[in-house]
Amino acid sequence: MREPHVATGPSLAVEVAGMRLQNPVLSASGCFGWGEEYARFWDLRRMGALVGKAVTPHARPGNPDVRIAETPAGMLNAIGLQNPGPAAFRETILPRVHSLGIPIWVNVSANSVQEYVDLCGMLSAEPGVSAIELNLSCPNVGRGRAEFCVAPDAVAETVSACRPVCRCPLIPKLSPNTTDIAALARAAESAGADAVSLINTLVGMAIDVDRRRPVLGNRTGGLSGPAVKPVALRMVYEVVGAVSIPVIGIGGIACWRDALEFLMAGATAVQVGTANFFNPMAIPEILDGLETWLRRNEIADVREIIGAARLEK
Amino acid sequence: MREPHVATGPSLAVEVAGMRLQNPVLSASGCFGWGEEYARFWDLRRMGALVGKAVTPHARPGNPDVRIAETPAGMLNAIGLQNPGPAAFRETILPRVHSLGIPIWVNVSANSVQEYVDLCGMLSAEPGVSAIELNLSCPNVGRGRAEFCVAPDAVAETVSACRPVCRCPLIPKLSPNTTDIAALARAAESAGADAVSLINTLVGMAIDVDRRRPVLGNRTGGLSGPAVKPVALRMVYEVVGAVSIPVIGIGGIACWRDALEFLMAGATAVQVGTANFFNPMAIPEILDGLETWLRRNEIADVREIIGAARLEK
Amino acid sequence: MIPILEAEVLDHYEVAPEHFVLTLDAPPIAEQARPGQFVMLRALDAWDPLLPRAFSVFHADSEGGTLSVLYRVVGRGTGRLRGHEPGMYVRAWGPLGNQFRLPEGERVVLVGGGVGVPPLVFWAERLAALAVPMEIVALIGAQRGELLVGLEQLKRARVTFRCATDDGSAGHRGYVTDLLPRTLEGKRATVYACGPMPMLRAVARITEATETPTELALEAPMACGVGACLGCTIPRRGGGYARVCSDGPVFPARDVDWSLMP
Amino acid sequence: MIPILEAEVLDHYEVAPEHFVLTLDAPPIAEQARPGQFVMLRALDAWDPLLPRAFSVFHADSEGGTLSVLYRVVGRGTGRLRGHEPGMYVRAWGPLGNQFRLPEGERVVLVGGGVGVPPLVFWAERLAALAVPMEIVALIGAQRGELLVGLEQLKRARVTFRCATDDGSAGHRGYVTDLLPRTLEGKRATVYACGPMPMLRAVARITEATETPTELALEAPMACGVGACLGCTIPRRGGGYARVCSDGPVFPARDVDWSLMP
Ligand SMILES: Cc1cc2nc3c(=O)[nH]c(=O)nc-3n(C[C@H](O)[C@H](O)[C@H](O)COP(=O)(O)OP(=O)(O)OC[C@H]3O[C@@H](n4cnc5c(N)ncnc54)[C@H](O)[C@@H]3O)c2cc1C
Ligand SMILES: Cc1cc2nc3c(=O)[nH]c(=O)nc-3n(C[C@H](O)[C@H](O)[C@H](O)COP(=O)(O)OP(=O)(O)OC[C@H]3O[C@@H](n4cnc5c(N)ncnc54)[C@H](O)[C@@H]3O)c2cc1C
Ligand SMILES: Cc1cc2nc3c(=O)[nH]c(=O)nc-3n(C[C@H](O)[C@H](O)[C@H](O)COP(=O)(O)O)c2cc1C
Ligand SMILES: Cc1cc2nc3c(=O)[nH]c(=O)nc-3n(C[C@H](O)[C@H](O)[C@H](O)COP(=O)(O)O)c2cc1C
Ligand code: FES
Ligand code: FES
């Protein structure tokens, strides 16, 4: 009975919060624009879902430069959530990406519970929006970090308030700049989250020793890329053990082996961020690599390896 | 009046908690043995101080393998505080390192406040011990992390209890696996710490996709090396702004530019850890580089550049 | 679609101290490349340095399928690039960004400093090859005479050029922009400039006063090079930010908000 | 003092599919290197891959000042190493670790698998050059015939050898350890082995039964290679851990606690 599978190829489909995704490889918010740029390199219809750049309650011009800095196997960014705001998003961007025919997750970022609720209300029922990712963690804009990522009760409050108004799956995205990521995830779950995604960036800094000042205009920025992968993987492993909703793994995924590590840690799907920047073909190459690996290991369904590296005590 | 300085070379000396160090470049605990290994590469009398491997209340065999894993621009370790215990340390190791003629800082690690107090009592008055570094952060041994690194009040309690019995400067070493590093540092300061050192390792993980299990025997390990430098630098910058005791910067320092970044962020001295592993000449090369840079920039005293990149609002 | 390929290094030689010309076998990129555009290059298989680096197209031979860039070894990215001997491969994608627009007026003035010269040489070559004859003057600056690059190519394209060096070791002693006001006298000109930011600022100041149409090829720290990361922005006159990689790298000088530039 | 230097690559060639011999100009290391010892090698100036890699000394020519290692391209560390052409430099330090001790008995049996062969070849050469004549037999294993390495050197040193391959494409079909019991018959022998852990475990089991003195050159993931990180430990019989890099890499087989080995 294995033959037919091998002939048709392994199944890469997964289910997240009631949504069927044709495969578990998604883009990470803020690292893929709204897809247009990468559509010039490969056929976006191959990806599991497209997670777009954060939308905030009002248009934001973003931070003054310098916005990015390279670090060992990573990068810092302090883009400052540049985006045209929800109205422009709905009218000009969404119709365009909707026409791609792939699931679209909208990442929303705000400074108060009410703003999050408003954004969910405004965007979650729009045609083309498959899920809302609640960015509870942006470290580059004022009080964002202190307010929404630190305390489990703040996470719970935001998620509970959004849940009733959100007409599609609600997926809080957690910050790694915390003592206890599992507590945040549990708070999100009990407040009604349909899944959680993690990690957002670690707060970091670089100093320009020639100019004797921080490299970034914003002083600090968010660290991402391969450098953070071990921290992200550990947090995903911890959170998978702490909640029973699906976990989306993010952080430093650059090749199919990395994606496999997260799936084996128990992530139901993964998001690819910074890797798109240094390799525009990152997502399709990861998909090819996963498929080849499954085939070579005679695994008919990717779901068989989700959590495969978990050692239960 | 500049000429004499240039002729004699810039001064690299700094003062930490009443101790004069001939220069601000130290080894990081657990990354330099007790110096013997690196004495076969260069003259240890060049370094500012030697911070040795953690001493625990009782001898520890360490963790079963695998103990280390390479990650992008970093490494994970789960050594498990292998050490011969305080008695053997005092009798066989300390006399040997004392004879080197450089300041020795002893790093101590324990599982209860009482054990920390006992270790300080046992070791802080030994001839040859210049300072005690309280390792409040080892992530690889049971409850260590939860107990001592998370809560400011736990840090305060441990430091207050040790302070009266500690006969030399007491330097808590802080964990980065926390929401608010500045709060930990303030707690340490108000409890009587003479300085703080940071960061210890970030908790991370790697999975061996071929064997479908975590690479490390201990599952998780501590992430160190260049990958963590941006996080370490940000935390040092934050802590320098939050306390008035000296801050020792640690994390990913691999070359003189890295060391300079930490000094400019406000660290009074730095420790070099993982870099020793991939370059046994790391410390002397950093010293040479700092000196050359100071000379080239006509700076007579390294203390002039401490905090030089701090933008006060 | 934007070509992305593992391109073989065909040639790699030093043109001036620490300045190298790297030629790649990259037919699809070479065919599409236009003056002002750039390519992203990255060593295969290592995550440090992590990000690709942008290099202006210095020469594109669509028949031979080769693409050349001229770069200076500055830091770790270019240091790593320099280690690529012929026969080795780099990942390359492009061409990216917009291109120089055709000139207005009777005279074209190119102002290049340091490694800002390469895109202007490519532009000069393409302009010189046009059916419409036009007067092209290039002002080329560098720190020292031995660091002046692209002169041979300009000669071959029969483009008049004048040089400036900081130490006076070749041409005018001083800034290349010192030569600009006099060059603009007389005929109506269009200026194209690429080089360090202080040079571009000076060019913009001079040509704004003379109302000379001016296009600047800018640089900014980049992560993606394709418009996705929003990392490479510059302040736009009138508000907001423009991406150097995809709204540029070529901008009319008047579109830049110089008061907010670093 | 332990020499550490930026060593020029003198020669770098393929000896078998994916197997390379790298020869460095490293006089101080070559002079001190003894069979069983290893060197740490690292590409200059990149933090990924971060850690140096250990390689057994395959050949050391103290007169010519050259040092050779034989390696197989397995992952990113060795992949990066392979990119080093003659004229390029690597950072090298060593020799590190202990060495094989002189044999007891009348016969020396070397058991090598895969890239465990290089240190045994070096040992065979040095033993064969001793004034005391002795019988040396090498048992060399690999997956396929074309992956058997070091045979030429063994021939040149006039060392008798037998081969085993997994697929029978050369010599015995099966494990190299299948050949060991018969080789141990008769004279008193000392066994030296290096190769994959299952092979070493089998060697230890066989020679423990026959009470044959046995030395194993072990491998373990290493960070520092010099004894400082405590990352490379193996469980010691009787309790505790030993560092492969500095208490080894050569251990008497009976000193290893096999019940705790992975
Ligand atoms: C559109 C564009 C075209 C370019 N064309 C050329 C060219 O033709 N020839 C050439 O030699 N260089 C060119 N550069 C600069 C080049 O991309 C490198 O950034 C520069 O050579 C720095 O060298 P490095 O990467 O070795 O320095 P590193 O020290 O490794 O760089 C560290 C970081 O700083 C950034 N950075 C440093 N200098 C610059 C700079 N001038 N512009 C942008 N980012 C910088 C790097 O991208 C990197 O993220 C161009 C840049 C851009 C944006
Ligand atoms: C004392 C000693 C002597 C050695 N001698 C040789 C030799 O002569 N020829 C040779 O080809 N190889 C030798 N090795 C193995 C070599 O150091 C590399 O670890 C191995 O080639 C893995 O290749 P990589 O680094 O490309 O793999 P990567 O995938 O880049 O390695 C990933 C990590 O796993 C570790 N690792 C993987 N395999 C091994 C292994 N077998 N032993 C230890 N660590 C491993 C690496 O050190 C690294 O940290 C020796 C190892 C040791 C400890
Ligand atoms: C340039 C940049 C912009 C980002 N913007 C957002 C954002 O708008 N919303 C968000 O939730 N995360 C944002 N992130 C975080 C990423 O989505 C991702 O969580 C993080 O970068 C870790 O993944 P990576 O290592 O694969 O990049 C951004 C990251 C980068 C590098
Ligand atoms: C192998 C290893 C062992 C360590 N052991 C200790 C220890 O015993 N006590 C301690 O406080 N920190 C220990 N550390 C943490 C380092 O001292 C240092 O804080 C950390 O590695 C970050 O610095 P680095 O990036 O320069 O290595 C250890 C780190 C490594 C890599
Ligand atoms: S470099 Fe990413 S948007 Fe320009
Ligand atoms: S590799 Fe560091 S102790 Fe052996």
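No hydrogens, no waters, no symmetry mates; every other heavy atom, side chains included, goes into these values. Order of the sequence lines fixes the chain letters, A, B, ..., with proteins taken first and strands second; residue numbering starts at 1 for each chain. Nothing here was measured: the structure is a model prediction, and the numbers come from that model.
Looking at B:Leu223, the atoms closer than 4.5 Å to chain A (heavy atoms on both sides) all sit in the side chain, from C-beta outward. Using a 4.5 Å cut-off between heavy atoms, B:Leu76 touches chain A through its side chain atoms alone.
Options A:Ala227, A:Ala254, A:Pro176, A:Ala232 differ in how many heavy-atom pairs under 4.5 Å they form with chain B, and the most are formed by A:Ala227. Per-residue heavy-atom pair counts under 4.5 Å with chain A were compared for B:Gly74, B:Ala206, B:Gly252, and the maximum is reached by B:Ala206. Contact tally against chain B (heavy-atom pairs below 4.5 Å) for A:Leu233, A:Val231, A:Ile305: the top residue is A:Leu233. Interface remark: of the candidates A:Gly225, A:Ala309, A:Ala308, A:Ala309 forms the most heavy-atom pairs closer than 4.5 Å to chain B.
When atom types are taken as modelled, the side chain of B:Thr178 and the backbone of A:Thr179 share no donor-acceptor pair closer than 3.5 angstrom. With hydrogens and angles ignored, the 3.5 Å screen pairs a side-chain donor or acceptor of A:Arg219 with a backbone N or O of B:Leu311.
Residues of residues 208-216 of chain B that come within less than 4.5 angstrom of chain A, heavy atom to heavy atom, are B:Val209, B:Asp210, B:Arg212, B:Arg213, B:Pro214 in numerical order. Residues from residues 275-287 of chain B never place a non-hydrogen atom less than 4.5 Å from a non-hydrogen atom of chain A.
Among all heavy-atom pairs drawn from A:Ala265 and B:Ile207, the shortest one is CB-CD1, 3.6 Å.
Enclosure of atom CZ in A:Arg303 is not indicated, since only 12 or fewer non-hydrogen atoms of other residues, nucleotides or ligands lie within 6.0 angstrom.
Note that CE of B:Met205 is 13.0 Å distant from CE of A:Met235, once rounded to the nearest 0.5 Å.
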